[in-house]
Amino acid sequence: MPHTGSDSHPLRVAILGSGPAAFYAAEHLLKQTGLAIEVDMFDRLPTPFGLVRGGVAPDHLKIKTVTKTFDHIATQPRFRFYGGVEFGRDLTLDDLKHLYHQIVYATGAQTDRRMGIPGEDLQGSHPATEFVAWYNGHPDYRHYQFDLSQERAAVVGVGNVAIDVARLLCRTREELLATDIADYVLEALSRSNIKEVYLLGRRGPAQAAFTNPEIKEVGEMAGADVFTLPEETQWDELSRAALEANPDRATTKKVEILQGYALRTLRATGKSRKLFIRFLVSPVEIIGDEQGRVKTLRLVKNVLAASESGALSAKATDQYEELPVGLVFRSVGYRGVPLPGVPFHERWGVILNEKGRVIDPDTKQPVVGQYAAGWIKRGPTGVIGTNKPDAVETVNAMLEDLRQGVMLQPVQPEAACVDDLLRQRQPNFFTYPDWQKLDALEVERGQAQDRPRVKFTSVEEMLKALGR
Ligand code: NAP
(Lines give C-alpha, C1' and ligand atoms only; values in the text may rest on other atoms or scores of the structure.)
Protein backbone atom coordinates (compact mmCIF):
# COMPACT_ATOMS: atom_id res chain seq x y z
CA MET A 1 0.00 0.00 0.00
CA PRO A 2 1.44 3.43 -0.98
CA HIS A 3 2.42 5.56 1.97
CA THR A 4 0.50 8.64 3.04
CA GLY A 5 2.13 11.61 1.38
CA SER A 6 2.57 9.89 -2.00
CA ASP A 7 0.91 11.22 -5.16
CA SER A 8 -1.79 8.55 -5.05
CA HIS A 9 -2.34 9.00 -1.27
CA PRO A 10 -1.67 12.65 -0.43
CA LEU A 11 -1.48 13.74 3.18
CA ARG A 12 -4.72 15.66 3.73
CA VAL A 13 -4.51 18.57 6.19
CA ALA A 14 -7.30 20.82 7.48
CA ILE A 15 -6.30 24.24 8.82
CA LEU A 16 -8.89 26.12 10.87
CA GLY A 17 -8.47 29.87 10.57
CA SER A 18 -6.94 31.84 7.72
CA GLY A 19 -4.76 34.43 9.43
CA PRO A 20 -0.96 34.68 9.23
CA ALA A 21 -0.25 31.52 11.27
CA ALA A 22 -2.64 29.52 9.06
CA PHE A 23 -1.05 30.76 5.84
CA TYR A 24 2.51 30.29 7.05
CA ALA A 25 1.62 26.73 8.09
CA ALA A 26 0.10 26.09 4.65
CA GLU A 27 3.19 27.55 2.99
CA HIS A 28 5.57 25.29 4.87
CA LEU A 29 3.40 22.21 4.20
CA LEU A 30 3.07 22.92 0.49
CA LYS A 31 6.74 23.54 -0.08
CA GLN A 32 7.83 20.06 1.07
CA THR A 33 9.50 18.29 -1.83
CA GLY A 34 8.93 14.59 -2.29
CA LEU A 35 5.68 14.72 -0.33
CA ALA A 36 2.18 15.20 -1.71
CA ILE A 37 0.28 17.33 0.78
CA GLU A 38 -3.16 18.83 0.26
CA VAL A 39 -4.28 21.73 2.43
CA ASP A 40 -7.88 22.82 3.00
CA MET A 41 -8.20 26.06 4.96
CA PHE A 42 -11.44 26.97 6.72
CA ASP A 43 -12.61 30.29 8.10
CA ARG A 44 -15.91 31.18 9.69
CA LEU A 45 -15.78 34.49 7.79
CA PRO A 46 -16.26 34.58 4.02
CA THR A 47 -12.96 36.43 3.62
CA PRO A 48 -9.45 35.20 4.46
CA PHE A 49 -6.48 36.71 6.36
CA GLY A 50 -7.80 36.88 9.95
CA LEU A 51 -6.24 39.75 11.85
CA VAL A 52 -4.52 41.13 8.75
CA ARG A 53 -7.98 42.10 7.50
CA GLY A 54 -9.80 42.41 10.83
CA GLY A 55 -7.08 43.58 13.22
CA VAL A 56 -4.30 45.53 11.54
CA ALA A 57 -5.20 49.22 11.71
CA PRO A 58 -6.74 50.66 8.53
CA ASP A 59 -4.02 53.32 8.34
CA HIS A 60 -1.31 50.64 8.36
CA LEU A 61 -1.72 49.67 4.72
CA LYS A 62 1.92 48.72 4.29
CA ILE A 63 1.64 45.96 6.90
CA LYS A 64 -1.29 44.53 4.94
CA THR A 65 0.82 43.98 1.81
CA VAL A 66 1.77 40.65 3.42
CA THR A 67 -1.45 39.40 1.81
CA LYS A 68 0.49 39.24 -1.48
CA THR A 69 2.51 36.40 0.04
CA PHE A 70 -0.69 34.72 1.21
CA ASP A 71 -2.17 35.11 -2.30
CA HIS A 72 0.81 33.33 -3.73
CA ILE A 73 0.35 30.44 -1.29
CA ALA A 74 -3.38 30.26 -2.03
CA THR A 75 -2.92 29.89 -5.76
CA GLN A 76 -1.00 26.64 -5.43
CA PRO A 77 -2.93 23.70 -6.89
CA ARG A 78 -3.03 21.69 -3.66
CA PHE A 79 -4.55 24.54 -1.64
CA ARG A 80 -8.26 25.22 -1.17
CA PHE A 81 -10.04 27.87 0.88
CA TYR A 82 -13.49 27.46 2.41
CA GLY A 83 -14.84 30.74 3.78
CA GLY A 84 -18.07 31.08 5.74
CA VAL A 85 -17.59 27.65 7.28
CA GLU A 86 -17.69 27.53 11.06
CA PHE A 87 -16.07 24.80 13.09
CA GLY A 88 -18.61 23.33 15.50
CA ARG A 89 -21.55 24.55 13.41
CA ASP A 90 -20.91 23.52 9.80
CA LEU A 91 -18.10 21.07 10.47
CA THR A 92 -17.44 19.08 13.63
CA LEU A 93 -14.26 17.53 14.91
CA ASP A 94 -15.68 14.11 13.96
CA ASP A 95 -16.24 15.34 10.39
CA LEU A 96 -12.64 16.50 10.18
CA LYS A 97 -11.36 13.18 11.57
CA HIS A 98 -13.36 11.51 8.84
CA LEU A 99 -11.74 13.59 6.10
CA TYR A 100 -8.20 14.52 7.15
CA HIS A 101 -4.97 12.98 8.45
CA GLN A 102 -4.02 16.10 10.36
CA ILE A 103 -5.85 19.13 11.76
CA VAL A 104 -4.24 22.48 12.61
CA TYR A 105 -6.01 24.98 14.85
CA ALA A 106 -4.94 28.51 13.91
CA THR A 107 -7.97 30.34 15.21
CA GLY A 108 -6.11 33.18 16.95
CA ALA A 109 -7.39 34.97 20.03
CA GLN A 110 -10.91 36.14 19.36
CA THR A 111 -11.85 37.79 22.62
CA ASP A 112 -10.37 40.18 25.16
CA ARG A 113 -9.01 40.05 28.69
CA ARG A 114 -10.94 41.89 31.36
CA MET A 115 -9.60 44.37 33.89
CA GLY A 116 -11.67 42.93 36.74
CA ILE A 117 -12.78 46.27 38.23
CA PRO A 118 -16.24 47.55 39.18
CA GLY A 119 -18.09 49.35 36.40
CA GLU A 120 -16.42 47.47 33.56
CA ASP A 121 -19.81 46.68 32.01
CA LEU A 122 -21.27 50.19 32.17
CA GLN A 123 -22.57 51.68 28.93
CA GLY A 124 -19.65 53.33 27.17
CA SER A 125 -17.06 50.84 28.45
CA HIS A 126 -15.88 48.58 25.64
CA PRO A 127 -13.20 46.03 24.92
CA ALA A 128 -10.75 47.44 22.37
CA THR A 129 -11.15 44.20 20.41
CA GLU A 130 -14.75 45.20 19.58
CA PHE A 131 -13.78 48.68 18.49
CA VAL A 132 -11.00 47.24 16.32
CA ALA A 133 -13.36 44.71 14.71
CA TRP A 134 -15.90 47.50 14.14
CA TYR A 135 -13.53 49.92 12.44
CA ASN A 136 -12.16 47.10 10.29
CA GLY A 137 -15.61 46.15 9.00
CA HIS A 138 -15.84 42.70 10.62
CA PRO A 139 -19.34 41.46 9.64
CA ASP A 140 -20.20 40.43 13.23
CA TYR A 141 -19.36 43.88 14.64
CA ARG A 142 -20.67 46.32 12.02
CA HIS A 143 -23.81 47.04 14.06
CA TYR A 144 -21.93 47.91 17.25
CA GLN A 145 -22.40 51.43 18.60
CA PHE A 146 -19.74 53.63 20.16
CA ASP A 147 -20.84 56.95 21.56
CA LEU A 148 -18.53 59.31 19.71
CA SER A 149 -20.53 62.33 20.90
CA GLN A 150 -18.32 62.15 24.01
CA GLU A 151 -15.41 64.58 24.31
CA ARG A 152 -13.05 62.44 26.36
CA ALA A 153 -12.05 58.80 26.00
CA ALA A 154 -9.64 56.60 27.93
CA VAL A 155 -7.77 53.64 26.50
CA VAL A 156 -6.46 51.32 29.21
CA GLY A 157 -3.18 49.57 28.39
CA VAL A 158 -0.11 50.75 26.51
CA GLY A 159 0.38 48.03 23.89
CA ASN A 160 0.22 48.45 20.13
CA VAL A 161 -3.52 47.75 20.07
CA ALA A 162 -4.11 50.58 22.57
CA ILE A 163 -2.00 52.85 20.35
CA ASP A 164 -4.04 51.82 17.29
CA VAL A 165 -7.32 52.63 19.05
CA ALA A 166 -6.04 55.98 20.38
CA ARG A 167 -4.61 56.93 16.99
CA LEU A 168 -7.80 56.09 15.11
CA LEU A 169 -9.79 58.20 17.58
CA CYS A 170 -7.45 61.11 16.82
CA ARG A 171 -7.29 60.87 13.01
CA THR A 172 -8.86 63.55 10.82
CA ARG A 173 -11.32 62.74 8.04
CA GLU A 174 -8.62 63.53 5.46
CA GLU A 175 -6.27 61.07 7.09
CA LEU A 176 -8.99 58.42 7.27
CA LEU A 177 -9.82 58.82 3.58
CA ALA A 178 -6.39 57.43 2.74
CA THR A 179 -7.16 54.22 4.68
CA ASP A 180 -9.31 51.16 4.09
CA ILE A 181 -11.43 51.86 7.18
CA ALA A 182 -15.02 50.61 6.85
CA ASP A 183 -17.15 53.28 5.16
CA TYR A 184 -19.68 53.52 8.02
CA VAL A 185 -16.78 54.12 10.42
CA LEU A 186 -15.34 56.82 8.19
CA GLU A 187 -18.64 58.67 8.55
CA ALA A 188 -18.94 58.02 12.31
CA LEU A 189 -15.37 59.09 13.07
CA SER A 190 -15.68 62.14 10.81
CA ARG A 191 -18.57 63.32 13.00
CA SER A 192 -16.79 62.35 16.23
CA ASN A 193 -16.74 64.87 19.02
CA ILE A 194 -13.70 63.37 20.74
CA LYS A 195 -11.22 66.05 21.80
CA GLU A 196 -9.05 64.28 24.37
CA VAL A 197 -7.80 60.71 24.47
CA TYR A 198 -5.99 59.28 27.50
CA LEU A 199 -3.74 56.27 27.07
CA LEU A 200 -3.12 54.68 30.48
CA GLY A 201 -0.12 52.56 31.42
CA ARG A 202 0.02 50.85 34.79
CA ARG A 203 3.83 50.68 34.81
CA GLY A 204 6.45 53.19 33.61
CA PRO A 205 7.54 54.33 30.14
CA ALA A 206 10.42 51.84 29.99
CA GLN A 207 7.90 48.99 30.47
CA ALA A 208 5.41 50.20 27.85
CA ALA A 209 4.51 47.37 25.48
CA PHE A 210 4.12 49.50 22.33
CA THR A 211 6.99 49.60 19.86
CA ASN A 212 9.00 52.63 18.77
CA PRO A 213 7.65 53.15 15.22
CA GLU A 214 4.13 53.15 16.69
CA ILE A 215 4.87 55.66 19.47
CA LYS A 216 6.71 57.90 16.99
CA GLU A 217 3.81 57.74 14.55
CA VAL A 218 1.35 59.29 17.01
CA GLY A 219 3.65 62.31 17.20
CA GLU A 220 3.03 62.96 13.51
CA MET A 221 -0.77 63.07 13.39
CA ALA A 222 -2.34 65.90 11.43
CA GLY A 223 -5.05 66.86 13.89
CA ALA A 224 -3.81 65.81 17.30
CA ASP A 225 -0.92 66.58 19.61
CA VAL A 226 0.67 64.16 22.02
CA PHE A 227 1.62 64.89 25.59
CA THR A 228 3.20 63.07 28.48
CA LEU A 229 3.89 64.31 32.00
CA PRO A 230 7.57 64.99 32.80
CA GLU A 231 7.24 63.40 36.24
CA GLU A 232 5.81 60.19 34.72
CA THR A 233 8.40 59.79 31.97
CA GLN A 234 11.62 60.29 33.89
CA TRP A 235 13.85 57.32 34.61
CA ASP A 236 13.29 55.70 37.99
CA GLU A 237 15.97 53.79 39.83
CA LEU A 238 14.55 50.31 39.25
CA SER A 239 14.06 50.79 35.51
CA ARG A 240 17.51 52.25 35.13
CA ALA A 241 19.07 49.33 37.01
CA ALA A 242 17.11 46.88 34.84
CA LEU A 243 18.38 48.63 31.71
CA GLU A 244 21.95 48.61 32.96
CA ALA A 245 21.69 44.87 33.62
CA ASN A 246 20.20 44.30 30.15
CA PRO A 247 21.17 47.19 27.87
CA ASP A 248 18.56 47.67 25.17
CA ARG A 249 18.70 50.56 22.69
CA ALA A 250 15.02 50.27 21.79
CA THR A 251 13.94 50.89 25.40
CA THR A 252 16.30 53.84 25.76
CA LYS A 253 14.92 55.31 22.54
CA LYS A 254 11.33 54.69 23.59
CA VAL A 255 11.78 56.59 26.83
CA GLU A 256 13.51 59.39 24.93
CA ILE A 257 10.57 59.71 22.54
CA LEU A 258 8.12 59.79 25.45
CA GLN A 259 10.21 62.39 27.27
CA GLY A 260 10.18 64.43 24.06
CA TYR A 261 6.40 64.52 24.22
CA ALA A 262 6.64 65.88 27.75
CA LEU A 263 8.49 68.90 26.46
CA ARG A 264 5.70 69.98 24.15
CA THR A 265 3.56 72.55 25.89
CA LEU A 266 -0.20 72.60 25.60
CA ARG A 267 -0.22 76.19 24.36
CA ALA A 268 2.25 75.64 21.55
CA THR A 269 -0.13 73.78 19.24
CA GLY A 270 -3.16 74.59 17.23
CA LYS A 271 -4.36 71.03 16.75
CA SER A 272 -7.90 70.30 17.83
CA ARG A 273 -7.33 66.93 19.50
CA LYS A 274 -5.02 65.90 22.28
CA LEU A 275 -3.58 62.52 23.14
CA PHE A 276 -2.27 62.21 26.69
CA ILE A 277 -0.07 59.22 27.45
CA ARG A 278 -0.03 58.55 31.16
CA PHE A 279 2.11 56.13 33.17
CA LEU A 280 2.05 54.57 36.63
CA VAL A 281 -1.72 54.71 36.94
CA SER A 282 -4.24 51.85 37.17
CA PRO A 283 -8.02 52.09 36.81
CA VAL A 284 -9.66 50.86 40.01
CA GLU A 285 -13.27 51.68 39.16
CA ILE A 286 -15.41 53.01 36.33
CA ILE A 287 -18.05 55.28 37.80
CA GLY A 288 -21.35 55.75 35.99
CA ASP A 289 -24.03 58.44 35.92
CA GLU A 290 -27.73 57.82 36.82
CA GLN A 291 -28.35 56.28 33.40
CA GLY A 292 -25.56 53.77 33.92
CA ARG A 293 -23.26 55.52 31.46
CA VAL A 294 -19.51 55.89 31.98
CA LYS A 295 -18.80 59.23 33.63
CA THR A 296 -15.49 58.98 35.46
CA LEU A 297 -12.53 56.68 35.62
CA ARG A 298 -11.01 56.37 39.08
CA LEU A 299 -7.27 55.80 38.95
CA VAL A 300 -4.73 54.86 41.58
CA LYS A 301 -1.17 56.04 41.27
CA ASN A 302 1.41 53.28 41.20
CA VAL A 303 5.08 52.86 41.94
CA LEU A 304 7.27 50.16 40.50
CA ALA A 305 8.29 47.22 42.64
CA ALA A 306 10.86 44.53 41.81
CA SER A 307 10.19 40.86 42.48
CA GLU A 308 12.94 38.44 43.47
CA SER A 309 13.43 37.49 39.84
CA GLY A 310 13.89 41.19 39.03
CA ALA A 311 10.57 41.58 37.19
CA LEU A 312 9.08 45.04 37.67
CA SER A 313 5.42 45.28 38.54
CA ALA A 314 3.01 48.07 39.42
CA LYS A 315 2.32 48.58 43.12
CA ALA A 316 -0.63 50.77 44.10
CA THR A 317 -0.09 53.74 46.41
CA ASP A 318 -2.81 55.45 48.45
CA GLN A 319 -3.09 58.34 46.00
CA TYR A 320 -6.15 58.45 43.76
CA GLU A 321 -7.22 60.58 40.86
CA GLU A 322 -10.47 60.95 38.95
CA LEU A 323 -10.50 61.27 35.20
CA PRO A 324 -13.76 62.46 33.66
CA VAL A 325 -14.30 60.39 30.50
CA GLY A 326 -17.41 59.27 28.61
CA LEU A 327 -15.80 56.31 26.88
CA VAL A 328 -13.43 53.63 28.12
CA PHE A 329 -11.69 51.09 25.91
CA ARG A 330 -9.88 48.32 27.72
CA SER A 331 -6.91 47.19 25.69
CA VAL A 332 -5.20 44.86 28.12
CA GLY A 333 -4.64 41.93 25.77
CA TYR A 334 -6.51 39.47 23.61
CA ARG A 335 -7.59 36.00 24.72
CA GLY A 336 -8.12 32.70 22.90
CA VAL A 337 -11.55 31.06 22.75
CA PRO A 338 -11.99 27.30 23.31
CA LEU A 339 -12.99 25.17 20.31
CA PRO A 340 -15.62 22.46 20.80
CA GLY A 341 -13.93 19.18 21.70
CA VAL A 342 -10.38 20.58 21.73
CA PRO A 343 -8.32 20.67 24.98
CA PHE A 344 -8.03 24.25 26.24
CA HIS A 345 -5.99 25.84 29.00
CA GLU A 346 -8.47 28.23 30.64
CA ARG A 347 -5.99 30.29 32.61
CA TRP A 348 -3.59 30.83 29.73
CA GLY A 349 -6.36 31.16 27.12
CA VAL A 350 -4.59 28.85 24.67
CA ILE A 351 -4.86 25.28 23.38
CA LEU A 352 -2.53 23.24 25.55
CA ASN A 353 0.33 22.14 23.27
CA GLU A 354 3.96 21.20 23.03
CA LYS A 355 5.76 22.70 20.04
CA GLY A 356 2.39 22.77 18.31
CA ARG A 357 1.26 19.22 19.19
CA VAL A 358 -2.04 19.45 21.06
CA ILE A 359 -1.67 17.88 24.51
CA ASP A 360 -4.33 15.92 26.36
CA PRO A 361 -4.60 17.65 29.77
CA ASP A 362 -5.27 14.33 31.57
CA THR A 363 -2.65 12.04 30.06
CA LYS A 364 -0.23 14.88 29.15
CA GLN A 365 0.31 12.97 25.89
CA PRO A 366 -0.03 14.44 22.37
CA VAL A 367 -3.49 14.10 20.85
CA VAL A 368 -2.99 12.21 17.59
CA GLY A 369 -3.33 14.31 14.43
CA GLN A 370 -4.16 17.61 16.15
CA TYR A 371 -1.94 20.69 16.17
CA ALA A 372 -2.04 24.39 16.98
CA ALA A 373 -0.31 27.43 15.47
CA GLY A 374 -0.26 31.19 16.09
CA TRP A 375 -1.98 33.02 18.95
CA ILE A 376 -4.15 30.05 19.97
CA LYS A 377 -0.85 28.15 20.42
CA ARG A 378 1.40 30.70 22.13
CA GLY A 379 -0.93 33.51 23.28
CA PRO A 380 -1.51 36.98 21.80
CA THR A 381 2.05 38.25 21.40
CA GLY A 382 4.36 39.24 18.60
CA VAL A 383 3.94 40.75 15.17
CA ILE A 384 2.69 39.09 11.96
CA GLY A 385 6.16 37.78 11.11
CA THR A 386 6.42 36.02 14.50
CA ASN A 387 3.85 33.57 13.19
CA LYS A 388 6.18 32.25 10.53
CA PRO A 389 8.72 30.47 12.77
CA ASP A 390 5.80 29.54 15.03
CA ALA A 391 3.96 27.83 12.17
CA VAL A 392 7.14 26.20 10.88
CA GLU A 393 7.70 24.63 14.32
CA THR A 394 4.19 23.17 14.25
CA VAL A 395 4.55 21.87 10.69
CA ASN A 396 7.89 20.27 11.55
CA ALA A 397 6.15 18.38 14.36
CA MET A 398 3.47 17.31 11.85
CA LEU A 399 6.07 16.06 9.37
CA GLU A 400 7.91 14.21 12.12
CA ASP A 401 4.66 12.50 13.14
CA LEU A 402 3.95 11.63 9.51
CA ARG A 403 7.37 9.96 9.28
CA GLN A 404 6.54 7.97 12.42
CA GLY A 405 3.16 7.01 10.98
CA VAL A 406 1.32 8.83 13.78
CA MET A 407 -1.76 10.46 12.29
CA LEU A 408 -5.53 10.21 12.08
CA GLN A 409 -7.00 7.42 9.95
CA PRO A 410 -9.67 9.18 7.89
CA VAL A 411 -12.33 7.04 6.21
CA GLN A 412 -12.74 9.51 3.34
CA PRO A 413 -9.42 11.24 2.71
CA GLU A 414 -10.64 12.60 -0.63
CA ALA A 415 -10.91 16.25 -1.60
CA ALA A 416 -14.29 15.74 -3.33
CA CYS A 417 -15.87 14.43 -0.11
CA VAL A 418 -15.32 17.82 1.59
CA ASP A 419 -17.30 19.61 -1.11
CA ASP A 420 -20.04 16.98 -0.93
CA LEU A 421 -20.38 17.42 2.83
CA LEU A 422 -20.29 21.21 2.70
CA ARG A 423 -22.90 21.34 -0.03
CA GLN A 424 -25.25 19.73 2.48
CA ARG A 425 -24.14 21.73 5.52
CA GLN A 426 -23.22 25.19 4.21
CA PRO A 427 -23.86 25.50 0.47
CA ASN A 428 -23.01 29.20 0.56
CA PHE A 429 -19.33 28.65 1.30
CA PHE A 430 -16.80 30.98 -0.32
CA THR A 431 -13.81 29.77 -2.34
CA TYR A 432 -10.52 31.54 -2.93
CA PRO A 433 -11.60 32.60 -6.45
CA ASP A 434 -14.71 34.10 -4.77
CA TRP A 435 -12.41 36.08 -2.49
CA GLN A 436 -10.31 37.22 -5.45
CA LYS A 437 -13.47 38.61 -7.08
CA LEU A 438 -14.51 40.36 -3.86
CA ASP A 439 -11.01 41.73 -3.43
CA ALA A 440 -11.02 43.20 -6.97
CA LEU A 441 -14.49 44.69 -6.39
CA GLU A 442 -13.44 46.27 -3.09
CA VAL A 443 -10.44 47.90 -4.74
CA GLU A 444 -12.67 49.08 -7.61
CA ARG A 445 -15.15 50.60 -5.12
CA GLY A 446 -12.18 52.31 -3.48
CA GLN A 447 -10.92 53.76 -6.75
CA ALA A 448 -14.32 55.33 -7.36
CA GLN A 449 -13.90 57.24 -4.08
CA ASP A 450 -10.17 57.82 -4.35
CA ARG A 451 -9.57 55.41 -1.49
CA PRO A 452 -7.37 52.29 -1.37
CA ARG A 453 -10.35 49.99 -0.84
CA VAL A 454 -13.94 50.08 0.32
CA LYS A 455 -14.67 46.84 2.16
CA PHE A 456 -17.76 44.69 1.99
CA THR A 457 -18.83 44.39 5.60
CA SER A 458 -21.77 41.98 5.51
CA VAL A 459 -22.10 38.43 4.26
CA GLU A 460 -25.27 39.36 2.32
CA GLU A 461 -23.40 42.13 0.49
CA MET A 462 -20.64 39.70 -0.41
CA LEU A 463 -23.06 37.07 -1.71
CA LYS A 464 -24.85 39.72 -3.74
CA ALA A 465 -21.61 41.02 -5.19
CA LEU A 466 -20.85 37.48 -6.35
CA GLY A 467 -24.30 37.23 -7.94
CA ARG A 468 -25.49 34.62 -5.47
P1 NAP B 1 0.20 43.75 24.69
O2 NAP B 1 1.31 44.19 23.82
O3 NAP B 1 0.39 42.53 25.50
O4 NAP B 1 -0.17 44.99 25.65
C5 NAP B 1 -1.10 44.86 26.67
C6 NAP B 1 -1.03 46.08 27.56
O7 NAP B 1 -2.06 45.98 28.53
C8 NAP B 1 0.28 46.22 28.33
O9 NAP B 1 0.64 47.58 28.38
C10 NAP B 1 -0.10 45.71 29.72
O11 NAP B 1 0.68 46.25 30.77
C12 NAP B 1 -1.49 46.23 29.82
N13 NAP B 1 -2.30 45.57 30.83
C14 NAP B 1 -2.54 44.24 31.00
N15 NAP B 1 -3.37 44.02 32.02
C16 NAP B 1 -3.65 45.25 32.55
C17 NAP B 1 -4.45 45.68 33.63
N18 NAP B 1 -5.13 44.84 34.37
N19 NAP B 1 -4.50 47.02 33.88
C20 NAP B 1 -3.82 47.90 33.13
N21 NAP B 1 -3.05 47.54 32.09
C22 NAP B 1 -2.96 46.23 31.81
O23 NAP B 1 -1.14 43.46 23.87
P24 NAP B 1 -1.86 44.16 22.64
O25 NAP B 1 -1.67 45.62 22.62
O26 NAP B 1 -3.23 43.62 22.68
O27 NAP B 1 -1.11 43.56 21.39
C28 NAP B 1 -1.07 42.16 21.11
C29 NAP B 1 0.09 41.85 20.19
O30 NAP B 1 -0.16 42.36 18.88
C31 NAP B 1 1.39 42.51 20.64
O32 NAP B 1 2.45 41.63 20.44
C33 NAP B 1 1.49 43.72 19.76
O34 NAP B 1 2.80 44.20 19.57
C35 NAP B 1 0.89 43.17 18.46
N36 NAP B 1 0.41 44.30 17.63
C37 NAP B 1 1.30 44.88 16.80
C38 NAP B 1 0.93 45.98 16.05
C39 NAP B 1 1.94 46.63 15.15
O40 NAP B 1 2.96 46.03 14.85
N41 NAP B 1 1.72 47.85 14.71
C42 NAP B 1 -0.36 46.50 16.14
C43 NAP B 1 -1.26 45.89 17.02
C44 NAP B 1 -0.85 44.79 17.77
P45 NAP B 1 1.83 45.39 31.47
O46 NAP B 1 2.98 45.40 30.52
O47 NAP B 1 2.08 46.12 32.73
O48 NAP B 1 1.27 44.01 31.69
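All figures in this text were calculated on a predicted structure; none of them were measured in a lab. Every number for a ligand or one of its atoms is a count from 1 in the order of the listing.
Closest to atom 25 (O) of ligand 1 by heavy atom, among T381, V161, L199, is V161. Comparing H60, R203, Q207, R335 against atom 46 (O) of ligand 1, the shortest heavy-atom distance belongs to R203.
When non-hydrogen atoms are compared, ligand 1 lies under 4.0 Å from the backbone of N160 as well as from its side chain. Contacts between L200 and ligand 1 below 4.0 angstrom, taking non-hydrogen atoms only, are absent altogether.
For atom 12 (C) of ligand 1, the closest non-hydrogen atom of the protein is G157 CA, 4.0 Å. Among all non-hydrogen protein atoms, the one lying nearest atom 48 (O) of ligand 1 is R202 NH2, 2.7 Å. Ranking protein heavy atoms by distance to atom 41 (N) of ligand 1, first place goes to E214 OE2, 2.8 Å.
For ligand 1, the atoms lying closer than 4.0 Å to a non-hydrogen atom of V383 are 40 (O). Close approach of ligand 1 to V158 is summarised as follows: ligand atoms under 4.0 Å from at least one heavy atom of the residue are 6 (C), 9 (O). Near G333, with a cut-off below 4.0 Å to any heavy atom, the atoms of ligand 1 are 26 (O). The contact set between ligand 1 and D164, taken as ligand atoms under 4.0 Å from a residue heavy atom, comprises 42 (C), 43 (C). Heavy-atom proximity to S331, at under 4.0 Å, picks out these atoms of ligand 1: 6 (C), 7 (O). Near P380, meaning under 4.0 Å from any of its heavy atoms, are these atoms of ligand 1: 28 (C), 29 (C).
Remark: aromatic rings of F81 and W435 are distant, center separation not under 6.0 Å. In this structure, F131 has its ring center no closer than 6.0 Å to that of Y144. If you look at F79 and F70, their ring centroids are not closer than 6.0 Å.
Two residues are said to be in side-chain contact when any heavy atoms from C-beta on lie closer than 4.5 Å; L177 and Q449 fail this criterion. Looking at P324 and R152, their side chains come closer than 4.5 Å, going by heavy atoms from C-beta outward. Contact of the L258 side chain with the I215 side chain is registered, since non-hydrogen atoms from C-beta on lie closer than 4.5 Å.
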Show me the donor-acceptor pairs, under 3.5 Å and distance only, between side chains in residues 282-292 and residues at least two apart or in other chains.
unit_1 : atom_1 : unit_2 : atom_2 : d
S282   : OG     : N302   : ND2    : 2.9
D289   : OD1    : Q291   : N      : 3.0
D289   : OD1    : G292   : N      : 3.1
D289   : OD1    : R293   : N      : 2.8

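Polar contact with ligand 1: absent for T211 (N/O pair, distance under 3.5 Å). At least one N or O atom of G382, backbone or side chain, sits closer than 3.5 Å to an N or O atom of ligand 1. Where the criterion is an N or O separation shorter than 3.5 Å, residue side chain and backbone included, M115 fails it with respect to ligand 1.
Protein heavy atoms are absent from the space less than 4.0 angstrom from atom 3 (O) of ligand 1. Protein heavy atoms are found inside the 4.0 Å sphere centred on atom 22 (C) of ligand 1.
R53 pairs by the salt bridge (charged side-chain N to carboxylate O under 4.0 Å, His left out) definition with E442, not counting sequence neighbours.
Within the structure, ligand 1 lacks G201 among the residues with a heavy atom less than 4.0 angstrom away. Contact analysis puts R113 in contact with ligand 1, with a non-hydrogen atom separation below 4.0 angstrom.
Here K274 contributes atom NZ and C170 contributes atom SG; the two are 10.5 Å apart, rounded to the nearest 0.5 Å.
Residues Y105 and N353 bring no donor and acceptor atom of their side chains to less than 3.5 Å of each other.
With respect to R173 and E187, a salt bridge is recorded, a charged nitrogen being found less than 4.0 Å from a carboxylate O.
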side-chain contact (heavy atoms from CB on, under 4.5 Å) between F42 and D90, intermediate numbers included: CA-CA 11 Å; F42 298 90; D90 306 314; over 6 Å; no
